[in-house]
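Proteins get letters first, then strands, A, B, ... in listed order; numbering begins at 1 in each.
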Protein chains: 2
Amino acid sequence: MRITAKAKQETRTRILETARKLFLEKGFEQTTTRDIASLAGIAAGTLFNYFPSKEELGTTLLAEALDEAKTDFLAKRHGEEDLAELLFAHAMAGLRMLAPYRTAVAPIIEVGMSPFASNGSCEGNRIRSEHLETVADLIANSGPNTQPSFVVMHLYWTLYLGVLAFWSGDESPNQEDTLAILDQSMRLFVSSLNEERVVKEDSSDE
Amino acid sequence: MRITAKAKQETRTRILETARKLFLEKGFEQTTTRDIASLAGIAAGTLFNYFPSKEELGTTLLAEALDEAKTDFLAKRHGEEDLAELLFAHAMAGLRMLAPYRTAVAPIIEVGMSPFASNGSCEGNRIRSEHLETVADLIANSGPNTQPSFVVMHLYWTLYLGVLAFWSGDESPNQEDTLAILDQSMRLFVSSLNEERVVKEDSSDE
DNA sequence: GAAATTTTGTGAGCGCGCTCATTTTTCTCC
DNA sequence: GGAGAAAAATGAGCGCGCTCACAAAATTTC
């Protein structure tokens with residue numbers, strides 16, 4: 001049992017590494033699952049014993065990178081900055097880790113993480129909820145209003161995806177235009193948060 | 001030549017009507033191009049003489065609805081309201097016309113109108129640029145700063161897509177939650193516009 | 001260690017969107 | 001109206017993601 005479990009794990013990572021290699025080499029859509037399978041030394045169907053879809057293979061790679069980014073971010077001390085700066089740093093940590101995939105991620109993010117209900121990628125959902133959880137924590141630690149509404153969180157995710165979309169196609173040197181958009185998006189988000197706080201205070205009279 | 005041109009037009013609209021019917025009946029992804037073709041009385045391949053892709057068939061339907069919405073919106077007088085209200089009304093006009101498609105649009109919008117560069121649907125691009133053009137006009141007529149930056153327009157499109165995404169899955173009665181999100185999004189956008197105006201005024205000193 | 005059982009691997013094949021060589025129809029010109 | 005050219009329709013077929021009936025291998029049971 002031990003041997004088999006280990007072998008399975010090895011196959012899984014071999015598939016992941018092969019997929020990463022090919023996605024980066026030829027792009028996500030130009031890489032076929034048969035390509036990945038044959039280069040990984042397994043049958044075409046076997047790949048789907050390990051990952052339910054090609055999409056999920058992609059999101060798993062992104063999730064790995066973003067998990068690492070999250071660890072990095074939480075390891076650093078972020079004591080005195082204001083919320084907008086924290087959110088900026090948080091998103092930047094993710095972009096840094098995703099950097100190698102930048103030009104290849106668009107199709108993966110587009111359908112794997114989109115706010116449209118259709119999406120069913122479970123790794124994509126995990127990425128979203130983990131990211132939003134961190135954001136909610138940062139908000140909670142920054143002011144009196146502990147629980148941001150789901151409307152606000154939807155707004156955040158919209159803005160974040162907009163940044164990712166821009167970033168994935170950003171042709172400016174070192175993607176510096178992305179920094180401007182990210183900065184503006186996060187500050188805008190914080191201001192909408194503050195507005196909601198005011199509204200809540202108002203309505204708490206009744 | 002006349003006769004053929006007319007026949008072609010008829011076939012084209014028959015395809016569109018058939019597609020609309022089936023998309024609404026079974027959803028976009030559950031409808032195959034063969035379904036559409038056979039119900040429209042043409043061969044499978046003929047469909048692609050009229051539309052380059054299934055995706056384009058979908059975006060064409062949306063574009064029709066949104067064109068009509070635009071006409072409706074521009075016909076009404078919008079004299080005294082402030083910019084946020086105008087933008088709200090503009091977006092609402094679109095949502096009203098898209099209403100029948102609400103639960104079916106997600107996959108079409110997701111890939112046809114997404115801000116991700118990958119997308120190549122030409123009707124989708126037309127929808128975006130027409131919509132943004134109207135928005136830019138509304139902005140221009142509302143204040144001194146005639147030309148909003150492309151960063152701002154990107155932000156607008158991000159927020160608008162976020163609203164569409166929410167709306168397509170909104171389970172609240174009459175999608176009233178969508179109204180709240182739309183309102184908040186548009187007001188947020190306007191406030192970011194004003195911020196940019198201030199910044200521009202500041203930097204115009206140098 | 002053989003038999004039974006469970007787990008894992010396999011690849012032929014399905015249905016999809018879409019292409020393209022070919023056939024069929026329509027138009028043009030005398 | 002018949003010959004030739006142009007336009008349009010056709011459907012067999014491709015490559016894709018993915019499934020599934022079956023085979024092979026590993027594990028458990030005796």
Checklist entry - Just by protein heavy atoms under 4.0 Å, how would nucleotides 11-24 of chain D read 5' to 3' in B, S and -? => result B-B--BBBB-----

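For A/Asp177, the side chain to side chain contact (heavy atoms under 4.5 Å, CB included) test picks out A/Phe166, A/Asp170, A/Ser172, B/Phe150, with sequence neighbours left out. Scanning for salt bridge (charged side-chain N to carboxylate O under 4.0 Å, His left out) contacts around B/Asp137 gives an empty result, with sequence neighbours left out. Scanning for side chain to side chain contact (heavy atoms under 4.5 Å, CB included) contacts around A/Ala89 gives A/Phe73, A/His78, with sequence neighbours left out. Looking at residues two or more places apart in sequence or on another chain, you find no side chain to side chain contact (heavy atoms under 4.5 Å, CB included) involving B/Thr71.
Counting only residues at least two apart or on different chains, the ring-ring contact (aromatic ring centres under 6.0 Å, His included) pairs with a member in residues 8-44 of chain B are B/Phe23-B/Phe28.
Using a 4.0 Å cut-off, some side-chain N or O of B/Tyr50 falls inside it from OP1 or OP2 of D/dA9.
Ring geometry for A/Tyr156 against A/Tyr160 counts as parallel: the plane angle stays under 30°, on a 0 to 90° scale with 60° as the upper cut.
B/Phe51 comes within 4.0 angstrom of nothing in the nucleic acid, heavy atoms only.
Between the CD1 atom of A/Ile15 and the P atom of C/dT8 there is a distance of 13 Å, rounded to whole Å. As rounded to whole Å, 16 Å separates atom P of D/dA8 from atom CG of B/Leu47.
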